[in-house]
2 protein chains.
Amino acid sequence: MTVQKQQTKRPLRADSERTVRAILEAAERVLAANPAATMEQLARAAGVARTTVHRRFATREALLDELTDWAARQFAEAVDAARPDAAPPLVALYQITANVLRVKTDWSFAMNRPVEDSHPEAARMHAEVRATCVRLFCRAQEAGVLRPGIDLDWTRRVYYALIHEAAKEGAGGEDIDALATRVVDTLLRGAGAPGGLAGA
Amino acid sequence: MTVQKQQTKRPLRADSERTVRAILEAAERVLAANPAATMEQLARAAGVARTTVHRRFATREALLDELTDWAARQFAEAVDAARPDAAPPLVALYQITANVLRVKTDWSFAMNRPVEDSHPEAARMHAEVRATCVRLFCRAQEAGVLRPGIDLDWTRRVYYALIHEAAKEGAGGEDIDALATRVVDTLLRGAGAPGGLAGA
DNA sequence: ATTACTTGCAACACCAATGTTGCATGTAAT
DNA sequence: ATTACATGCAACATTGGTGTTGCAAGTAAT
């Protein structure tokens, strides 16, 4: 009698998984706007009672941890889906940008939080993405897409920042492809005039 | 007897002003790292007792409000000091960048907080700076420094983001001028190769 | 030394968020 | 109908941060 539902994840009444997702999504959304949001607020935003949240996540910390891991996973998947090590650098760059923008219109919370301590899993994923990104930029450099001699880690950080900025705009239901184009274009060409005085 | 120190701001024992500054600076620094920091933590970071903080700022909200205004003021001053409407666009751009980087190694807190509501003073200052920035970019565009037809507000946001990113690095005691150069260079030229495939 | 002022420290009341429990309700399987 | 599960609700204890007060000590003027 103990095990009559044979499935691995036991869907059972089938709502549990969905509820967790709803909570995590609501948490990401609300915490991005207000990092000090109450459990009550998170619960309300997810459409459940506060006690239900506590049933799923023993403590607030536990919820934040799960959220951090979950966001990192989505982030990594969005990057990997673009075949960053196989596709031509420019194509991969564009694809990654679009994928990331699509997955999360705004990361601000789970992304910008100190993930280094006590989150080995998330930290690993972020580091991996970072490495993938630098690898891609390196290929791009060899292909003549990126200027030679440029600081690749600085470039990566600028890239992150551009995506972040574009994501804010994306909340208004803009066209993802247009945003991705703008990000890549800005990253590569900047805002200066072609024959400009930039070298002065 | 009531007024024997005639000065407008009554320096008196002369420490009060200094203490307030120390508290605000510490608050900015600590809150940037942890927006949920305790009054106790802020006090310790400022090198004073918690009660002293409460003597200067009736409530936590009051402290945050003052901090917001204070940061906005410094921001505005850093920009104005560069004569953004008089100096040649490129010079002004560089000067603003350096000034801002010098004044605040990290804004993240006072800058990225919802300043629109209940902070009319700070909101006004930020709006003014934003306008000044766009005006400068407009002049830069006319001077052939910025590409014609480019979205000036997007450019401004990218500029802010670049400064923000450079500021993180600046914490490590890097050379301000080198950072400013990098920011301006990245803003104008991006990271792509000159004759690159960027137009593809 | 006295005065004016500020700070640190300890103690306190207060409150809001956290985390817990029990119970009634609802729903989908059996 | 019964079983198995999940939820909402109300009530509760606990905790940690906030804001207050009183007092002793320290410092710079007079």
Side-chain angles (χ1 to χ4, degrees), chain A residues 1-27 29-68 109 113 118, chain B residues 1-27 29-68 109 113 118:
Chain A
M1 289 294 224
T2 50
V3 179
Q4 62 198 101
K5 302 302 178 187
Q6 67 294 347
Q7 254 64 5
T8 58
K9 288 293 184 134
R10 47 194 293 250
L12 286 174
R13 199 56 76 266
D15 276 4
S16 22
E17 281 293 318
R18 181 162 300 173
T19 302
V20 172
R21 271 187 68 100
I23 294 176
L24 288 174
E25 282 169 5
R29 186 159 25 90
V30 174
L31 289 171
N34 171 25
T38 296
M39 293 292 271
E40 177 71 35
Q41 293 175 269
L42 301 186
R44 284 291 173 88
V48 299
R50 188 172 65 93
T51 46
T52 300
V53 177
H54 275 112
R55 281 194 196 93
R56 299 299 170 195
F57 306 95
T59 162
R60 178 177 232 267
E61 261 309 297
L63 170 57
L64 296 200
D65 288 2
E66 273 265 349
L67 180 61
T68 302
F109 182 73
R113 89 181 293 243
S118 76
Chain B
M1 289 296 225
T2 50
V3 179
Q4 64 198 99
K5 301 303 177 186
Q6 68 295 346
Q7 254 64 5
T8 59
K9 291 290 185 137
R10 46 196 293 253
L12 285 173
R13 199 56 76 269
D15 275 5
S16 21
E17 280 294 317
R18 180 162 298 173
T19 302
V20 172
R21 272 187 67 101
I23 293 175
L24 288 175
E25 282 169 5
R29 186 159 24 89
V30 173
L31 289 172
N34 171 25
T38 296
M39 292 292 271
E40 177 71 36
Q41 294 176 268
L42 301 186
R44 285 290 174 87
V48 300
R50 188 172 65 93
T51 46
T52 300
V53 177
H54 274 113
R55 280 194 198 95
R56 299 298 171 196
F57 307 94
T59 162
R60 177 178 234 267
E61 262 309 297
L63 170 56
L64 296 201
D65 288 1
E66 273 264 350
L67 180 60
T68 302
F109 182 73
R113 89 182 293 243
S118 77

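In what follows, every chain begins at residue 1, and chains take the letters A, B, ... in the order their sequences are listed. Just the heavy atoms: all of them, side chains too, but no hydrogens, waters or symmetry mates, feed the values below.
The separation between B/Leu42 atom CG and D/dG19 atom P is 11 Å, rounded to whole Å. To the nearest angstrom, C1' of D/dG17 lies 14 Å from CG of B/Leu63.
In this structure, CZ in B/Arg56 is found 11.5 Å from CD in B/Glu66, a value given to the nearest 0.5 Å. Interatomic distance, CG of A/Leu63 versus CZ of A/Arg60, reported as 7.5 Å (0.5 Å rounding).
Under the 3.5 Å distance criterion, the side-chain polar atoms of B/Thr59 are matched with a main-chain donor or acceptor of B/Glu61.
Side-chain nitrogen and oxygen atoms of B/Thr52 include at least one within less than 4.0 Å of the OP1 or OP2 phosphate oxygen of C/dG8.
With sequence neighbours excluded, the residues forming a side-chain contact (heavy atoms from CB on, under 4.5 Å) with A/Ala49 are A/Thr51, A/Thr52, listed by chain and number. For A/Ala37, the side-chain contact (heavy atoms from CB on, under 4.5 Å) partners two or more places apart in sequence, or in a different chain, are A/Val30, A/Leu31, A/Asn34, A/Gln41, A/Leu42.
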Which letter, B, S or -, goes with each nucleotide of nucleotides 13-21 of chain C from 5' to 3', with contact meaning a protein heavy atom under 4.0 Å? ----SBBBB
